[in-house]
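I have placed the structure first, in the form of structure tokens, so that the comments after it can refer back to it.
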Amino acid sequence: MNLNELTLTAAAEGLAKKEFSSRELVSACAGAIKEKDATLHAFLSLMEEEAMRRATEADARIAEGSVHSPLLGIPLAIKDNILMKDTRTTAGSRMLEHYIASYDAGVINALRAHGAVFIGKTNLDEFAMGSSTEHSAYGPTANPKDPSRVPGGSSGGSAAAVAAHLSIASLGSDTGGSIRQPAALCGVVGMKPSYGVVSRSGLIAMASSLDQIGPFAKSVDDAALLFDAIAGKDPFDATSFTLTEQANRENDLKGLRIGVPKEYFGEGIDPDVAERIHAAINKAEAAGAIIIEISLPHARFALPAYYIIVSSEISSNLARYDGIRYGFRVDNYESLLDIYERTRADAFGVETKRRIMLGTYALSAGYYDAYYLKAQRVRRLIQDDFTAAFSCVDVIAGPTTPSPAFKKGERAEDPLSMYLADIYTVAINLAGLPAISLPAGIVVREGVSLPIGLQLITARNQDRALFDYARLFERII
Amino acid sequence: MSLIDPHTVASIAKLARIRLTEEEETRIPRELSQVIEFIETLNKLDTHSVEPVRGGTHLENTMRSDTDTALFDAINAASLVEVSPEHQNGWIKVKSVFTP
């Protein structure tokens, strides 16, 4: 096995036992990138020199025996909407094409302290808006399982990097499914923490009441290690806090109450996907879990509520891109208004403008109550659905996506069909809950095996329990 | 499907500070109308007695003592000005805000 194909857990063990060095690990990833990334386009920028420097430092610390973290010397890829000081951070947009970050995100600070190595910034839908990475201003990313298909989005680059063994693990961000959906489509583990558990400082803001940074990894254990390194209160993010929950260390599935929402298996789900998910749940039942059919009565209102809220918050958060303090500014402007209107016209892509327009409309005088406030009331009902469900189940299980990876170009022109890819994921962000997608088998399309994901959801702030349950499922499915 | 009228779209574009191309002036009313129709399903729900959610956090009154400046020294003010598209002598350059 090549070093870049190792899991984080195995790589950390190998480094600690001095079976190989961090420099060799980084070289292996760099080699894989050279070989495959011209086709995949998972990366927007690479930092090989800096990575080697950090790897050398890591090797020195390992040699002197001061290994305090399993992340020491491990090569990670970082979604390009997470700020790394003195490094180009584009958010997948022309607006920030030449923007050099002035500070490190909270998660980057945390990972530096752990001695992790950063090998590059990964591709994403522009400003994290999208479910396919086709809306990147820098070209799409390919799905490593079938390059004619999308890797999902918006964190498509980070998902592909892990699936193709270009990095040992990676970070993405999730506002409506942008970690979990690409994880499912690429066949890796992707987790979105409860709102507030991971700092948003230095994450280029999309929708501030929904955004969270989270890990992509090759196994649940790996994802948990990366999660532990980045979770916790950050003085630069007033909405962040440290989880006090202890790991349950559940040893088996016996007696675990698994809720399966009946609304998840109605119209719209691919029958092969439904079959795989039912098979996974049946295996849990065979192992002693108790399967309880539950209802999330407001499930079908989650997508419309989400699109109003996310667009509104986007319109507010992207107002800062005005050609004044950073980023792109048009030439030959006549007035201040000219700078604003033409900078934003030229440097924002189609989907970004769409959502800003929708959000501006939803928040405008005369429409605010009918759209934005209405959506926030519906959000309350959706939250209440989950609260009621968790009073009688420990974990909710279902598909992460309604279908496997779609072909490039298939949905890019039709916003509504693209939005449907998020049907199982957005409600979780609206409720601030933690959720994880893990590989749950394959479906075959045109002779190609395409991965699909099982999504597990727990009550808010039960992130460690979620990892426990995910481990149990991973062993049997 | 009722179209959002071009006049409304023009006002939204003004509020959003985005200059629309002719192509966008044709396409965007149609797209916006499709999305509005999609979200009008929310009106099927009676929510008059439901409190709207405000923000993502459950935390309240998160405070810090106003003494620790070391945290903020990590960001150098001059470097923030330097990333601006046009700057001079440590100031960001823009067109005049008030036109005579």
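Computed from a prediction, not measured in an experiment: that's the story for all the values here.
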Let's test your reading of the structure: which of [options] forms the most heavy-atom pairs below 4.5 Å with chain B?
options	value
Ile100(A), Leu430(A), Leu358(A)	Leu358(A)
Ser335(A), Ala370(A), Gly359(A)	Ser335(A)
Gly432(A), Ser208(A), Ala238(A)	Ala238(A)

Per-residue contact mode, [X] against chain B (heavy atom under 4.5 angstrom):
X	result
His98(A)	neither
Leu303(A)	both
Tyr326(A)	both
Ala305(A)	both
Tyr333(A)	both
Ala375(A)	both
Ser364(A)	side chain
Tyr361(A)	both
Ser240(A)	backbone

Should [X] and [Y] count as an ion pair when the cut-off is N to O under 4.0 Å?
X	Y	answer
Lys353(A)	Glu24(B)	yes
Lys95(B)	Glu334(A)	no
Asp346(A)	Arg19(B)	no

Can you tell if the side chain of [X] reaches within under 4.5 Å of the side chain of [Y], non-hydrogen atoms only?
X	Y	value
Glu51(B)	Gln376(A)	no
Arg325(A)	Val94(B)	no
Met357(A)	Val9(B)	yes
Val97(B)	Leu336(A)	yes
Ile324(A)	Ser84(B)	no
Val378(A)	Lys44(B)	no
Phe241(A)	Thr57(B)	no
Arg17(B)	Leu337(A)	yes

Euclidean distance, [Y] [atom2] relative to [X] [atom1], rounded to 0.5 Å:
X	Y	atom1	atom2	result
Leu363(A)	Leu15(B)	CG	CG	10.0 Å
Leu42(B)	Arg379(A)	CG	CZ	13.0 Å
Ser209(A)	Arg54(B)	OG	CZ	12.5 Å
Arg344(A)	Leu20(B)	CZ	CG	11.5 Å

Quiz item: Under the criterion side chain to side chain contact (heavy atoms under 4.5 Å, CB included), which of Asn43(B), Ile36(B), Thr41(B), Val35(B) is the partner of Pro304(A)?
Solution: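 Per the side chain to side chain contact (heavy atoms under 4.5 Å, CB included) rule, the option paired with Pro304(A) is Thr41(B), out of Asn43(B), Ile36(B), Thr41(B), Val35(B).
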
Heavy-atom cut-off 4.5 Å, strictly under: side chain, backbone, both or neither for [X] against chain A?
X	value
His58(B)	both
Leu59(B)	side chain
Leu80(B)	both
Thr8(B)	side chain
Ile12(B)	both

Quiz item: With distance as the sole test, does Lys374(A) use its side chain to make a donor-acceptor pair with the main-chain N or O of Leu45(B) at under 3.5 Å?
Solution: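 Such a contact is found between Lys374(A) side chain and Leu45(B) backbone.
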
Self-check item: Non-hydrogen atoms of Pro85(B) and Gly323(A) that approach each other most closely
Solution: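 It is CG-O, 3.6 Å.
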
Quiz item: Which atom names give the shortest non-hydrogen contact between Ala345(A) and Ile18(B), and what distance separates them?
Solution: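 Closest pair (atom of Ala345(A), atom of Ile18(B), distance): CA-CG2, 4.2 Å.
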
Quiz item: Side chains of Glu40(B) and Tyr371(A): is there a donor and an acceptor less than 3.5 Å apart?
Solution: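 Yes - a donor-acceptor pair under 3.5 Å links their side chains.
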
Quiz item: Between the side chains of His48(B) and Arg377(A), does any donor sit under 3.5 Å from an acceptor?
Solution: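 No, no side-chain donor-acceptor pair sits under 3.5 Å.
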
Quiz prompt | Worked verdict on Lys233(A) versus Thr62(B) for side-chain contact (heavy atoms from CB on, under 4.5 Å) | solution = CA-CA 11 Å; Lys233(A) 185 181 167 71; Thr62(B) 315; 4.1 Å; yes

Quiz item: Is it the case that more than 12 heavy atoms not belonging to Tyr367(A) sit under 6.0 Å from its OH atom?
Solution: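 No, because the 6.0 Å sphere around OH of Tyr367(A) holds 12 heavy atoms or fewer from other groups.
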
